[in-house]
Amino acid sequence: MYRVSKSVSFCYGHRLLNYQGKCQHLHGHNARAVITLESSELDERGMVMDFSEVKQLVWAWLDREIDHTLLLHRDDPVLPLLQEAGERVRITEENPTAEVIARMIFDYLKGQGYPVTDVTLWETDSSCAGYRPV
């Protein structure tokens, strides 16, 4: 099995509901997602996928959906105020944790037909979460 991984960086804000600690407050992250693709065969170039192609396919979506966006649970009480103020907000069905964001990226890539096997989201330099299906 061949495998390639590509790292992409982006910024987002969020807060967690039903959480006791710093993350219960609105805050932001300079995040890095590491996307891994696998294939049992290489393409005509001898690649699973070119690294720049991986970046392009995920960056367009990240830029449109998550980068410099506030991710909030649909029940967050500040949501109407931020929407009214014209802020860039993406509503999530679950708490917008690093685990959930990793799965969002995975689901997008898988839905586009790419052989993604896992996504790791580095929320800080020392903390990451990931998603891969079982």
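All residue numbers refer to positions in the sequence shown, counting from 1. This structure is a prediction, so every number in the text was calculated from the model and none was measured.
Without hydrogens or angle criteria, Asp67 side chain to Cys11 main chain gives a donor-acceptor distance under 3.5 Å. The backbone N or O of Cys23 lies less than 3.5 Å from no partner atom in the side chain of His25, so there is not a single donor-acceptor pair. In terms of modelled atom types and a separation under 3.5 Å, the side chain of Thr92 and the main chain of Asn95 share no donor-acceptor contact.
For the pair Trp59 and Ser9, the tightest heavy-atom approach, listed with the atom from each and the gap, is CZ3-O, 3.4 Å. The two residues Lys110 and Val116 come nearest to each other via the heavy atoms NZ-O, 3.5 Å. Of all heavy-atom pairs spanning Ala129 and Ala98, the tightest one is CB-CB, 3.7 Å. Closest of all the heavy-atom pairs between Tyr108 and Leu57 is CE2-O, 3.7 Å. Minimum heavy-atom separation, Asp43 to Val48: OD2-O, 4.4 Å.
In the model, Glu99 has a side-chain atom that pairs as donor or acceptor with a side-chain atom of Thr97 under 3.5 Å. A donor-acceptor pair shorter than 3.5 Å can be found between the side chains of Arg88 and Thr69. A donor-acceptor pair shorter than 3.5 Å cannot be found between the side chains of Thr36 and Thr117.
Leu70 and Leu62 fall into different hydrophobic clusters, where Ile, Leu, Val, Met, Phe, Trp and Tyr side chains are chained together by heavy-atom contacts under 4.5 Å. A chain of hydrophobic side-chain contacts below 4.5 Å, direct or via other Ile, Leu, Val, Met, Phe, Trp or Tyr residues, connects Leu121 to Val8.
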When you look at His14 and His73, which way does the ring pair (Phe, Tyr, Trp, His ring centres under 6.0 Å) test go after all the steps?
CA-CA 9 Å; His14 71 156; His73 186 276; over 10 Å; no
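Using cut-offs of 30° and 60° for the angle between ring planes, the Tyr12 and His29 rings count as tilted.
For Lys6 and Glu53, the salt-bridge test fails: no basic side-chain N is under 4.0 Å from an acidic carboxylate O.
Taken from OG1 in Thr124 to CZ in Arg32, the straight-line distance is 10.5 Å, to the nearest 0.5 Å.
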